[in-house]
Amino acid sequence: HVKANESPYRAYVAPPEFGSFVINFPKNWSSYVDHETSGKQVSLVLNPDFVNRTNGVDDPMATRVTLQERTKDQYLSQYAALVKTKAMKQTSITVSGQPAYDLTGKFPSGKTIHEVVVPIRDKVMTFSTENAIYGNEFNQIVASAKIIP
């Protein structure tokens, strides 16, 4: 068993009412989380060094993880036209044993460059990155996530 201080990662554990999912991320990264009772219930932001904002707007972040009260179909419908016109690529993957959707391409926000959508019952969990420099770390965060269906 590896001691916590020997691991290169630390964990965010969601409150039980949001499914107690676990997101492991590099322990030297900064983070912030917002919990809401409805809508976007969990909004976790992870970034090396500082989580910077300029004029009230977040700079591009290495990883964002959200849990939202939206069905998979409600969530993915916003991208349907982009997938159809090939402006965005959608592939099926597995995250923590759950079927998920991997989206890459031109997102409407202009910030997101890669997103993974994991349907969980009547909600969706999204993992997104806005900074290609951290692609490997983003993929590791997604791969090590622990989601209770």
Side-chain angles (χ1 to χ4, degrees), residues 4 7-27 29-48 50-53 56-149:
S7 170
Y9 297 96
R10 61 186 169 121
Y12 162 78
V13 180
E17 63 269 28
F18 301 133
S20 301
F21 62 88
V22 179
I23 305 299
N24 294 295
F25 60 98
K27 71 178 178 186
W29 281 21
S30 296
S31 60
Y32 78 78
V33 67
D34 180 28
H35 295 138
E36 302 289 340
T37 52
S38 62
K40 194 180 281 189
Q41 295 180 307
V42 177
S43 184
L44 175 67
V45 178
L46 307 168
N47 205 55
F50 290 95
V51 174
N52 290 309
R53 293 174 64 85
V57 178
D58 285 355
D59 289 356
M61 293 297 152
T63 303
R64 291 179 186 273
V65 181
T66 68
L67 180 68
Q68 302 177 43
E69 290 184 310
R70 294 174 78 185
T71 66
K72 166 192 67 114
D73 293 341
Q74 286 172 326
Y75 190 84
L76 291 175
S77 67
Q78 68 185 316
Y79 301 135
L82 293 167
V83 170
K84 193 173 182 178
T85 62
K86 307 264 192 277
M88 185 178 286
K89 182 179 172 195
Q90 178 180 316
T91 55
S92 295
I93 62 166
T94 301
V95 176
S96 186
Q98 307 302 308
Y101 304 88
D102 189 295
L103 300 161
T104 54
K106 190 156 176 50
F107 285 79
S109 71
K111 284 175 71 173
T112 300
I113 55 173
H114 184 184
E115 185 167 278
V116 173
V117 180
V118 186
I120 305 169
R121 296 177 301 281
D122 58 339
K123 300 177 185 179
V124 290
M125 180 178 293
T126 64
F127 296 81
S128 60
T129 183
E130 301 163 346
N131 195 331
I133 295 167
Y134 302 112
N136 289 338
E137 291 89 342
F138 173 77
N139 291 335
Q140 183 62 43
I141 289 167
V142 172
S144 68
K146 304 219 176 351
I147 302 165
I148 297 123

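Positions are given from 1 along the sequence. In this text, all values refer to a predicted model and were calculated from it rather than measured experimentally.
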Step by step, would you call Asn47 with Tyr32 a side-chain hydrogen bond (donor to acceptor under 3.5 Å, both in side chains)?
CA-CA 9 Å; Asn47 205 55; Tyr32 78 78; over 6 Å; no
Let me confirm one number: the OG1-NE2 distance from Thr37 to His35, rounded to the nearest 0.5 Å.
12.0 Å
Please check: side-chain N/O of Gln74 versus main-chain N/O of Thr71, any donor-acceptor pairing under 3.5 Å?
yes
Ignoring hydrogens, what is the shortest heavy-atom contact between Val51 and Ser31? Give both atom names and the distance.
CG2-N, 4.2 Å
Run the side-chain hydrogen bond (donor to acceptor under 3.5 Å, both in side chains) test against Asn52 and tell me which residues pass, sequence neighbours left out.
none
Here the gap from Asp58 atom CG to Glu130 atom CD, rounded to the nearest 0.5 Å, amounts to 7.5 Å
Give the minimum heavy-atom separation between Ser144 and Asn24, together with the two atoms involved.
O-ND2, 3.3 Å
Could you go through residues 133-142 and list every donor-acceptor pair under 3.5 Å that involves a side-chain atom there, pairing it with any protein atom two or more places apart or in another chain?
| unit_1 | atom_1 | unit_2 | atom_2 | d |
| --- | --- | --- | --- | --- |
| Asn139 | ND2 | Gly135 | O | 3.3 |

Please evaluate residues Val42 and Phe21 with respect to the criterion side-chain contact (heavy atoms from CB on, under 4.5 Å), reporting the C-alpha separation (whole Å), side-chain torsions for both, the decisive distance (0.1 Å), and the verdict.
CA-CA 11 Å; Val42 177; Phe21 62 88; 3.9 Å; yes
Atom NZ of Lys72 and atom OG of Ser77: how far apart are they, to the nearest 0.5 Å?
11.0 Å
Distance check, rounded to the nearest 0.5 Å: Leu67 atom CG versus Glu36 atom CD?
12.0 Å
Spacing of Ser30 atom OG and Met61 atom CE [to the nearest 0.5 Å]
9.5 Å
Could you tell me whether a side-chain N or O of Lys27 sits under 3.5 Å from a main-chain N or O of Ser7, the two making a donor and an acceptor?
yes
What's the spacing between Lys106 NZ and Thr112 OG1 if we round to 0.5 Å?
11.5 Å
Could you list the donor-acceptor pairs under 3.5 angstrom formed between side-chain atoms of residues 113-129 and any protein atom two or more places apart in sequence or on another chain?
| unit_1 | atom_1 | unit_2 | atom_2 | d |
| --- | --- | --- | --- | --- |
| His114 | NE2 | Asp102 | OD1 | 3.1 |
| His114 | NE2 | Asp102 | OD2 | 3.1 |
| Glu115 | OE1 | Tyr75 | OH | 3.3 |
| Glu115 | OE2 | Tyr75 | OH | 2.8 |
| Glu115 | OE2 | Tyr79 | OH | 3.3 |
| Arg121 | NH1 | Pro149 | O | 3.2 |
| Lys123 | NZ | Gln41 | OE1 | 2.8 |
| Thr126 | OG1 | Thr66 | OG1 | 2.5 |
| Thr129 | OG1 | Ala62 | O | 2.6 |
| Thr129 | OG1 | Asn131 | N | 3.3 |
| Thr129 | OG1 | Asn131 | O | 3.4 |

